[in-house]
Protein chains: 2
Amino acid sequence: MIEEIKTVARQRLAAEGANLSLRAVARDMGMVSSALYRYFASRDDLLTVLILDGYNALGDAVEAADAAVTDRTRLRARWLSATRAVRDWALANQAEYALLYGSPVPGYAAPQDTIAAAARTPIVLAAILTDGYAAGIVTAAGFQRPASLPAAVRTDLSRTRDQIAPGLPEELLHAGLTCWLQLFGVLSFELFGQLNNVIDARAEFFGQQMELMADLMGI
Amino acid sequence: MIEEIKTVARQRLAAEGANLSLRAVARDMGMVSSALYRYFASRDDLLTVLILDGYNALGDAVEAADAAVTDRTRLRARWLSATRAVRDWALANQAEYALLYGSPVPGYAAPQDTIAAAARTPIVLAAILTDGYAAGIVTAAGFQRPASLPAAVRTDLSRTRDQIAPGLPEELLHAGLTCWLQLFGVLSFELFGQLNNVIDARAEFFGQQMELMADLMGI
DNA sequence: CTCTCGCAAGAGCACTGCTCTCTAATGTGT
DNA sequence: ACACATTAGAGAGCAGTGCTCTTGCGAGAG
């Protein structure tokens with residue numbers, strides 16, 4: 001039942017856009033709106049569950065795309081496959097992507113399990129670097145000395161490193177972080193219309209940008 | 001009168017977040033909601049005007065920050081000043097930033113004058129490169145050969161070049177475009193909460209990222 | 001001094017999230 | 001098999017929303 005509600009809600013989300021209406025979902029199910037409150041405490045509650053599912057669906061897709069590269073030492077292929085999976089999922093689920101990475105709803109605070117699910121995608125990307133570093137394929141040689149990063153940023157980086165990519169040098173995590181930001185920067189601009197009249201060859205541009213990021217990481 | 005409505009609307013937007021209520025604006029002004037319809041055809045209409053104002057306010061801030069660097073050959077200083085102005089404006093007007101660069105409202109199409117105002121910021125950034133190229137300070141030597149870019153992307157780049165940065169080599173525009181995306185990628189992640197528990201030293205991180213982008217553009 | 005016209009008010013429609021009460025059905029325990 | 005308890009859904013209703021249409025007021029123009 002809960003699953004059916006979520007499915008219908010996702011359909012309405014895809015059809016109508018961001019402002020999901022509980023009553024519309026109930027109508028689609030042949031129910032009355034108050035009946036939904038037996039399964040979800042509020043509209044925000046339903047949205048939170050959809051967000052959680054979204055992060056996990058994206059995480060699944062990205063993990064599968066990374067795992068599809070059987071030769072685990074082909075770091076660039078893994079990076080391109082994983083980032084391509086992010087874009088494919090985002091294009092196929094635009095409203096959900098907007099829910100995850102668009103402007104947050106006003107008084108909404110992400111619960112703890114949400115941030116764990118959200119971390120899955122960056123963890124996959126970081127693992128590519130971690131694997132490469134462990135195998136000696138990628139070194140931190142070509143990167144900015146840690147000393148040149150502001151101390152406060154280094155603190156943040158080492159904390160984040162311990163959480164998602166243990167053992168990775170800070171310089172490499174920093175490079176990966178930069179590429180992660182570029183990935184979602186490009187994607188958000190594409191999906192939110194900021195690339196209209198600027199770049200029409202979206203897929204080619206995205207691929208080229210991800211190649212560039214691979215160069216930057218030295219993979 | 002129109003100006004007063006917009007001011008109150010901006011306040012409500014800053015206070016309440018994205019979902020602006022016409023009735024609330026009217027209430028704040030001691031009017032009845034239907035009276036607002038004499039000045040704005042619809043809520044979307046008011047939002048469009050606010051968006052237009054937002055792009056122009058941001059454009060003003062960025063242009064001023066760029067112009068504040070008197071020695072026009074100090075390209076890096078201009079870049080850092082301009083991008084810092086973007087961040088400062090975004091932090092000071094978070095709800096408006098979300099309106100401009102967050103998830104778009106469902107059936108909303110940006111009018112032509114909006115995209116002209118939106119172009120002001122990238123134009124400033126592109127002008128930094130154009131000036132540097134014209135003065136021979138920055139060359140396209142260190143960049144990816146145009147031939148290595150997909151043909152469709154090159155077409156987009158040359159069209160965009162003609163619109164906002166005449167005379168700039170495509171490789172340089174491409175580098176600038178990448179940095180532009182990174183700029184708003186970092187900013188959106190910061191403002192939309194995606195950097196929570198990842199980077200706490202926001203200002204330092206942003207500054208360091210923009211330094212990195214300056215390196216990437218060779219300025 | 002009348003007349004017009006800009007401006008705001010008010011009522012009302014269809015919609016929203018959400019709460020509360022009530023009924024019908026579906027088990028469950030003895 | 002019968003009484004009981006639990007649960008799923010229906011319905012009414014409240015306060016809020018965007019928006020439309022009609023009404024009335026009041027100031028400026030002729």
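All values below were derived from every heavy atom in this structure, side-chain atoms included, with hydrogens, water molecules and symmetry-related copies excluded. Every chain is numbered from 1 and lettered A, B, ... according to where its sequence line falls, protein lines coming before strand lines.
- Across all non-hydrogen atoms, the minimal contact from B:N197 to A:T160 is O-OG1, 4.3 Å.
- Nearest nucleotide to the side chain of A:A24, out of C:dT16, D:dC19, C:dG17: C:dT16.
- The pair A:R159-A:D156 meets the salt-bridge criterion, with a side-chain N (NZ, NE, NH1 or NH2) lying under 4.0 Å from an Asp/Glu carboxylate O.
- Among the atoms of the strands shown, none is found under 4.0 Å from any heavy atom of A:L46.
- Taking atom CG on B:L20 and atom C1' on D:dG16, their separation rounds to 15 Å, with Å as the unit.
- Nucleic acid contact class of A:Y39 (heavy atoms, under 4.0 Å, all strands): sugar-phosphate only.
- In this structure, a donor-acceptor pair under 3.5 Å is present between the side chains of A:S103 and B:S103.
- Protein atom CD1 of A:I2 is 14 Å distant from nucleotide atom P of D:dT7, rounded to whole Å.
- Residue B:M31 places its side chain closer to C:dA8 than to any other of C:dA8, C:dT16, D:dA8.
- Contact between the side-chain N/O atoms of B:S21 and the OP1/OP2 oxygens of D:dG18 is found at a separation under 4.0 Å.
- B:L36 comes within 4.0 angstrom of nothing in the nucleic acid, heavy atoms only.
- One atom, CG of B:N19, and another, C1' of D:dG16, lie 12 Å apart when rounded to the nearest Å.
- D:dG9 atom P lies 8 Å from atom CE of A:M29, rounded to whole Å.
- Following rounding to the nearest Å, A:E4 (CD) and D:dA8 (P) show an atom-to-atom distance of 14 Å.
- Judged by distance alone, with hydrogens and angles left aside, the side-chain atoms of B:R120 form no donor-acceptor pair with the main-chain N or O of B:Y55 at under 3.5 Å.
- Put simply, A:R27 has a side-chain N or O that comes within less than 4.0 Å of OP1 or OP2 on C:dT16.
- Nucleic acid contact for A:R23: base, since at least one base atom lies under 4.0 Å from a heavy atom of the residue.
- The CE atom of A:M1 sits 9 Å away from the C1' atom of D:dA8 (whole-angstrom rounding).
- Atoms CZ (B:R43) and P (C:dT16) sit 15 Å apart, rounded to a whole Å.
- Across all strands, B:S33 comes closer than 4.0 Å to base atoms (heavy-atom distances).
- Residue A:R38 is in base contact, counting any heavy-atom pair closer than 4.0 Å across all strands shown.
- Per the geometry, CZ belonging to A:R12 stands 13 Å off C1' belonging to C:dC15, to the nearest Å.
- The aromatic ring centres of A:F192 and B:Y101 sit 6.0 Å or more apart.
- Contact annotation: A:S34 side-chain N/O to D:dA10 OP1/OP2 distance is not under 4.0 Å.
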